[in-house]
Protein chains: 2
Amino acid sequence: MTRGKTGKPYHHGELREALVAAGRKLLEEKGLRGFTLRECARRAEVSHAAPAHHFASIDDLLGEIAARGYHELTEAMMAEAKRVDGDAAARLVAQGVGYMAFAAANPVLFQLMFSREANRFETPVLHAAAKSAYHLHREAVEAVIPQASGEVKERMVDFAWAAVHGFITLVLEGQLGEKDSPRALKSRGLATLSAMVEAVVRAGGAPLAS
Amino acid sequence: MTRGKTGKPYHHGELREALVAAGRKLLEEKGLRGFTLRECARRAEVSHAAPAHHFASIDDLLGEIAARGYHELTEAMMAEAKRVDGDAAARLVAQGVGYMAFAAANPVLFQLMFSREANRFETPVLHAAAKSAYHLHREAVEAVIPQASGEVKERMVDFAWAAVHGFITLVLEGQLGEKDSPRALKSRGLATLSAMVEAVVRAGGAPLAS
DNA sequence: AAGAAGACTTGTCATCGTAAAGATTTAGGC
DNA sequence: GCCTAAATCTTTACGATGACAAGTCTTCTT
C-alpha cells in the first residue's frame with residue numbers, strides 16, 4: 001500500500017467495513033431518515049462515489065447493516081441464555097432479556113431490521129440471518145412445552161415472540177414507560193416475560209380455548 | 001372563487017386536506033422512504049412550494065397524518081368492541097382485533113405511527129391522539145381484572161398491549177406467516193389474543209410469580 | 001373601495017443518490 | 001521484474017428533493 005503526498009493511501013483498504021461501521025453509528029445518531037450514503041463516505045474519509053464499488057445502492061448498505069444486526073441479535077440471545085442453567089422456561093425468559101437488551105442498545109438498528117423498508121433490500125444473507133434468530137426462539141419455546149401438539153407449539157411461538165417483540169418495540173417508541181427509569185422499565189419487561197412464559201406453560205399443558 | 005383561463009382556481013381551497021389525503025396514499029404506495037413533499041404537491045395539483053403554507057416541513061405533514069392514524073386506530077378499536085356484548089374479556093379481544101385490522105389495512109401508516117421517527121414530530125395533537133388509544137386499551141384490560149391490584153393491572157396493560165402490538169407488527173414486516181393466507185393469519189392472530197386474555201385473567205386472580 | 005392578510009407560483013440553493021469517465025493502485029501471467 | 005487487466009477510488013455531472021425568498025393573485029376586513 002503506497003501513499004500519496006498527503007500520506008493518505010489512495011486505496012482505503014477496508015472501505016467496506018468502514019462504511020458499515022460508519023453507517024451503523026450514523027443510523028443511531030440521525031435515525032433512518034437522517035441516514036445518507038454521502039455522510040457515510042465522509043466519515044470513512046472517501047469521496048461520495050466510493051461506496052458504489054462496495055454497495056450497489058443505499059439500500060444495499062442498509063441491508064448489510066440489518067443483516068449484521070440479526071447476527072448480533074442472535075448472539076445476544078444466546079449469550080443471555082448461557083448465563084442461566086437448565087430450566088427451559090428460564091432459558092426462554094433469558095433469551096427474551098437478550099432480545100430486549102439488544103433492541104435497547106441499538107434502537108434505530110432494531111427498528112430498521114423490523115421495518116417495512118427492510119423488505120425492500122431482502123438479500124439472501126439478510127433472510128438467513130433473520131431465520132437464525134427465529135429458529136433460536138422457536139426452539140426455546142418448544143423446549144418449554146415438549147409434550148404439546150405441533151399446532152399449539154406454533155401458536156405459542158407466535159405468542160411468545162409477539163409479547164417480547166411488542167413490549168420492547170413499544171418502549172423504544174416511547175409509548176410505554178416514557179417517564180420510567182431504565183431500572184423500572186427492565187422490571188416491567190421482566191413482568192411481561194413472566195406472564196408470557198406462564199401462559200406458554202399453561203397452554204402447553206391444556207389445549208387453547210377456541 | 002374566481003378562475004383563471006385554465007379553469008383551475010388559483011386557490012385550491014382545501015389544500016391542507018388534499019395534501020393529507022394524497023400523502024396518506026403516497027405513504028402506502030411508496031413507503032416512508034419514498035414519501036416526498038413534492039409528490040404530495042403534484043398529486044394535489046399545486047406547485048412544489050404550496051405545502052409550506054399549510055405544513056412547516058415534511059415532518060409536520062407526516063405528524064398530521066400520524067395523528068389522524070391514531071384517531072382512526074381508536075375508532076377501529078371502538079367499532080370492533082361495539083360488535084360484541086357484555087363480557088370484558090371478549091371486549092378486550094375485540095379491541096385487539098380492531099387494532100390488528102387497522103394495522104393490516106394501513107401497514108405503512110401504522111409503522112409510521114409507531115416508528116422512532118414519529119418522536120421527531122411530536123406535536124400536542126399527535127400525543128393526545130396516541131394517549132386516547134392507550135386509554136381505551138387500558139380500560140379494557142382493567143375491566144377484565146377489576147379486583148386486581150394497581151400494580152398487576154399496570155403490568156397486564158403492558159403485557160396485553162405488547163402481545164397485540166407485537167403480533168401484528170411481526171406480521172406486517174413479514175416475519176410471521178410469510179406464506180400464510182390472510183385467513184390463516186387472522187386465525188393465528190386470534191390465537192395470540194386468546195392466549196393473551198387467558199394470561200390476563202389468570203394474573204388478575206393470582207399475583208404474578210416473580 | 002382600499003389596504004392587509006392569506007394562498008399560491010416561480011426561482012434558487014445546498015444536498016442527496018446514482019451514473020459515467022478518468023486516475024491510481026493492486027494483482028496475476030509470463 | 002515487467003506489463004497488462006482488474007479493482008479501487010476520484011471527479012464530474014444529472015435529476016430530484018426540502019427549504020427559503022420574492023413575487024403574483026385572491027379573499028377578507030373595514
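Residue numbers begin at 1 in each chain, while the letters A, B, ... track the order of the sequences.
In this entry the distance linking CG of B:Leu19 with P of C:dA7 reads 12 Å, nearest Å. Note: CG (A:Leu15) to P (C:dT25) measures 16 Å, nearest angstrom. When rounded to the nearest whole Å, the span between NE2 of B:His53 and C1' of C:dT9 equals 9 Å. Atom CG in A:Leu61 sits roughly 10 Å away from atom P in C:dT18 (whole-Å rounding). Straight-line distance from the CZ atom of A:Arg33 to the C1' atom of D:dT17: 11 Å, rounded to whole Å. Rounded to an integer number of Å, the gap from B:Lys30 NZ to D:dA16 C1' is 13 Å. Here the P atom of nucleotide C:dT18 and the CG atom of A:Asp60 are 10 Å apart, to the nearest Å. Atom-to-atom, CZ of A:Phe55 to P of D:dT8 comes out at 12 Å; the value is rounded to the nearest Å.
In this structure, B:Ser47 and A:Ala56 both approach DNA chain C, and ranking their closest nucleotides by distance from the 5' end singles out B:Ser47.
Listed candidates were C:dC16, D:dA19, C:dC8. Nearest to the side chain of B:Leu37 is D:dA19. Comparing C:dA7, C:dG17, D:dT11 by their nearest atom to the side chain of A:Ile58 picks out C:dG17. For B:Ala49, counting side-chain heavy atoms from C-beta on, the closest listed nucleotide (D:dT10, C:dT10, C:dA7) is C:dT10. The side chain of A:Arg38 sits closest to C:dG17 out of C:dG17, D:dG18, C:dG11. Comparing C:dA7, C:dC16, D:dC9 against the side chain of B:His54 picks out C:dA7 as the nearest. Among the nucleotides C:dT18, D:dT10, C:dT9, the one closest to the side chain of B:Ala50 is C:dT9.
Classification of the A:Phe110-A:Tyr99 ring pair by plane angle, with boundaries at 30° and 60°, yields perpendicular. Ring geometry for B:Tyr134 against B:Trp161 counts as tilted: the plane angle lies between 30° and 60°, on a 0 to 90° scale. A perpendicular orientation is assigned to the rings of B:Phe159 and A:Phe159, their planes being inclined by more than 60° (bins at 30° and 60°).
Within 4.0 Å (heavy atoms only), B:Thr36 reaches sugar-phosphate atoms of the nucleic acid but no base atom. Using a 4.0 Å heavy-atom distance criterion, A:His48 is classed as a base contact. Heavy atoms of A:Arg42 sit under 4.0 angstrom from primed sugar atoms or phosphate atoms, though from no base atom.
Each of A:Val157, A:Asp158, A:Val197 was evaluated against A:Val141; a single residue qualifies, A:Val157, per the side-chain contact (heavy atoms from CB on, under 4.5 Å) test.
The neighbour count for B:Arg83 CZ, taken as heavy atoms of other residues, nucleotides or ligands under 6.0 Å away, does not exceed 12.
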